[in-house]
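Proteins come first, then strands; the chains are lettered A, B, ... in the order of their sequence lines, and each starts at number 1. Quick note: numbers below take in every heavy atom, side chains included, and nothing from hydrogens, waters or symmetry partners.
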2 protein chains.
Amino acid sequence: MKESPLFNPVLYKGGHITVLDETALPFKETRIKVKNLKTALSLLKEMKTRAFGQVLLFYYTLLLEARKNKINSPEKFSRLSTAITDKFSKARPTFAFGQLNNDLAKMLKAADNSKFIDLLEKSVFTYINLVQGARRYRVKLIAKILPHSARLLTHCNISGELVLLANEAEKMGKSVEFFATETRPYFQGSRLTAWELYQAGLNVYLICDIQAADILKRCRIDMVLVGSDRSTQNGDIANKIGTYQLAVLAKYFHIPFYAFMQPPGDTKNISDIKIEYRPKEEMLKFDGIRIAPKTQEALYPAFDIVPAELISGLVFFDGIYTPQELALKWQK
Amino acid sequence: MKESPLFNPVLYKGGHITVLDETALPFKETRIKVKNLKTALSLLKEMKTRAFGQVLLFYYTLLLEARKNKINSPEKFSRLSTAITDKFSKARPTFAFGQLNNDLAKMLKAADNSKFIDLLEKSVFTYINLVQGARRYRVKLIAKILPHSARLLTHCNISGELVLLANEAEKMGKSVEFFATETRPYFQGSRLTAWELYQAGLNVYLICDIQAADILKRCRIDMVLVGSDRSTQNGDIANKIGTYQLAVLAKYFHIPFYAFMQPPGDTKNISDIKIEYRPKEEMLKFDGIRIAPKTQEALYPAFDIVPAELISGLVFFDGIYTPQELALKWQK
């Protein structure tokens, strides 16, 4: 099974970044060159990349700008990275860019000024390799607990992990079939998840978001599995708008609800998470064509919060936890 | 407050029918002329009209075809109307055209052959006037139980009744604010409900279907109110896909869930209702533009069933009932 192009959607090679343009999928697989911070920020705002792609774009932009500005000390880098972190956070306020910056800063603490850029580059790639390894590992944890012939319902897009999951399940002699919500208003389910699973030769049925109750009731779904953009120390998650209602429905139909989680860092509870509101035009237009008049009032929060009590299991890099176990682990 | 054009979307005048083209809304308010059965059926299949418009189109088509075929006896009309009913039912299998036909047949029982067509016309208009009167009455029942300053969440489109409801509420010194789901894949919420409410000068916020949990939790919603395409004697309803999950969510958040119901006729339980599956292309394309590849597997049932236990109140033409009260009433 081929790896999903979404598993590693942003690359750094030869002194510049290329970003897989997710808004052109599934019809065109094109990469956009990024040579500076400005372009990186505009791609981010326009959601040309998202989810794990944001992590990659953030780190590679730091590297790019550090090289361009000939940064040669941790102090100078810290000023630069703080400024860039602020801009990334303004562009997508729900995502924890500050935490990513802190993680990197820790790795750079013992940096020797003379070879600072080399160490920065090494740190960035070490960090990303670690995360990619952990992502490869955690899908095995889910594959293990799946029944022999499993049906998963998913929402939005988990950056290539579902293809890996099916691959791991196959190695264990299990088969997995997917139901993907189309994920309005941005259609990440139709454009990304259905596409990457289909490309990998997997069975995937696309459904409207609003069909979930009907599918959960009638289609013998074994698990609802989603990613997350933020996690709290209490075991709550923030993820693409609509994850909350899937969790409520899963509970109602007694279907386990699992989420790949992020390290909560210092995010204690949901009040520490800022929910991004996107322009209503993204709801009121499709591909430039109006669905509703310009005058229409509309609300488009890009994320919602799933409280811990609705979550059966949080899949972290080293194991699957109940939110309660995780809260204990994190408060140690 | 102006009446919604969707309250009476199909007209019969001067020997032909005109249908308000709902697929052209909200940008164009155009009417399509219907001179024969064939056109009526094709408009129905393409969902140019739906919901209460289907009732009107069905009866007016019977009248049109009876005139054209110079029907002069109940027997001849019965053969014609049975054939037309079959065709309407094939075009939209969830809707109870058979029952509409039976209702009319009862009114025609005592028909005098000599003036058959006149009686048919009179019967059709009497029936429709009764239903329109009942629709005007039942919104008052809901207006009465609303709080002083109410917030309603609705799904799909209730053929003009929400504008009337707000009007009645206003007469009682109450104000109503609406949250309308966009209602994928056909966007009846964006194109019809948001439009008719906005036109009437009412406050309406459009939301993605998938936002409902977030809105129900945070926005102090007093009631979820929907229409229905079919009702059963047990107090279940069939309505636009997604109504089921709104009902589950309403229960979870302890928000009353009310539905305008249809006379159940001889529909005992949900197994008597055939769910229409629409072409997957309606999900995979918007306005001719692809959202997902042609090869994509997708499921698009047009309706789902809300079981009685999730319904707080069924609004019938003579009162509001719990599903249990209704089951007793109907089994009498």
Side-chain angles (χ1 to χ4, degrees), chain A residues 26-27 155 179-185 187 189-191 194-195 198 203-219 240-249 251-253 275 280 283-284 286-293 295-301 303-306, chain B residues 26-27 155 179-185 187 189-191 194-195 198 203-219 240-249 251-253 275 280 283-284 286-293 295-301 303-306:
Chain A
F27 302 106
H155 184 53
F179 289 76
T181 56
E182 60 177 16
T183 316
R184 279 283 295 154
F187 290 112
S190 314
R191 296 189 301 97
W195 170 75
Y198 181 81
N203 273 352
V204 52
Y205 297 94
L206 194 64
I207 63 165
C208 287
D209 301 321
I210 202 77
Q211 274 169 254
D214 185 54
I215 297 290
L216 289 173
K217 174 156 190 180
R218 292 192 298 118
C219 295
K240 178 51 51 195
I241 184 78
T243 309
Y244 187 18
Q245 77 192 47
L246 284 180
V248 171
L249 293 169
K251 186 161 193 116
Y252 181 77
F253 291 108
I275 297 294
K280 67 174 188 177
M283 267 183 73
L284 302 183
F286 175 72
D287 218 359
I289 298 171
R290 291 223 153 266
I291 300 166
T295 46
Q296 182 57 55
E297 284 299 331
L299 295 171
Y300 173 18
F303 302 93
D304 59 15
I305 307 274
V306 182
Chain B
F27 302 106
H155 184 51
F179 289 76
T181 57
E182 60 176 17
T183 316
R184 279 283 294 155
F187 290 112
S190 315
R191 294 190 301 99
W195 169 75
Y198 181 82
N203 273 352
V204 51
Y205 297 95
L206 193 63
I207 63 164
C208 286
D209 301 320
I210 201 76
Q211 273 169 255
D214 185 54
I215 297 290
L216 289 173
K217 175 157 190 178
R218 292 192 296 118
C219 295
K240 177 52 53 197
I241 185 77
T243 309
Y244 188 18
Q245 76 193 46
L246 284 181
V248 171
L249 293 170
K251 186 160 193 115
Y252 181 78
F253 291 107
I275 297 294
K280 67 174 188 176
M283 266 182 74
L284 303 183
F286 175 72
D287 218 0
I289 297 171
R290 290 222 153 268
I291 299 166
T295 47
Q296 182 58 55
E297 285 300 332
L299 295 171
Y300 174 16
F303 302 93
D304 58 17
I305 308 274
V306 182

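Of the listed residues A:E182, A:R191, A:Q245, the one with more heavy-atom pairs under 4.5 angstrom with chain B than any other is A:Q245. Ranked by non-hydrogen atom pairs under 4.5 Å with chain B, the options A:D304, A:L216, A:I241 are led by A:I241. Interface summary for chain B: among A:A247, A:P293, A:G189, the most heavy-atom pairs under 4.5 angstrom belong to A:P293. Taking chain B as the reference chain and counting heavy-atom pairs below 4.5 Å, the highest number among A:Y300, A:F286, A:F179, A:Y205 is found for A:F286. Chain B forms the most heavy-atom pairs under 4.5 Å with one residue out of A:L246, A:V204, A:T243, and that residue is A:V204. Comparing B:T181, B:I207, B:L249, B:N203 by how many heavy-atom pairs each has under 4.5 Å with chain A, the most go to B:L249.
Rounding to the nearest 0.5 angstrom, the gap separating the NZ atom in B:K217 from the CD1 atom in A:I305 is 9.0 Å. Taken from CG in B:L299 to SG in A:C208, the straight-line distance is 10.0 Å, to the nearest 0.5 Å.
A cation-pi contact, defined as under 6.0 Å to the ring centre and within 45° of the axis, is absent between B:K251 and A:Y252.
Heavy atoms of A:P185 lying under 4.5 Å from chain B belong to its backbone as well as its side chain. In this structure, chain B has heavy atoms under 4.5 Å from both the backbone and the side chain of A:Q211. Only the side chain of A:L284 has a heavy atom closer than 4.5 Å to any heavy atom of chain B. Only the side chain of A:I215 has a heavy atom closer than 4.5 Å to any heavy atom of chain B. Neither the backbone nor the side chain of A:K240 has a heavy atom closer than 4.5 Å to any heavy atom of chain B. For a residue to count as touching a neighbouring chain, one of its non-hydrogen atoms must lie under 4.5 Å from one of that chain's; by this rule A:R218 touches chain B with the side chain only. Heavy-atom distances place both the backbone and the side chain of A:T295 under 4.5 Å from chain B.
Within the 4.5 Å cutoff, side-chain heavy atoms of A:I291 are placed close to those of B:F187. Between A:R184 and B:D209 the shortest side-chain heavy-atom distance does not fall below 4.5 Å. Inter-residue side-chain proximity for B:T183 and B:H155 is flagged as met; some heavy-atom pair is nearer than 4.5 Å.
The nearest pair of heavy atoms linking B:A194 to B:S190 is CB-O, 3.7 Å.
Within the 3.5 Å criterion, the main-chain N or O of A:Q296 finds a donor-acceptor partner in the side chain of A:K280.
Checked against the 6.0 Å centroid criterion, the rings of B:F253 and A:Y244 qualify as a close aromatic pair.
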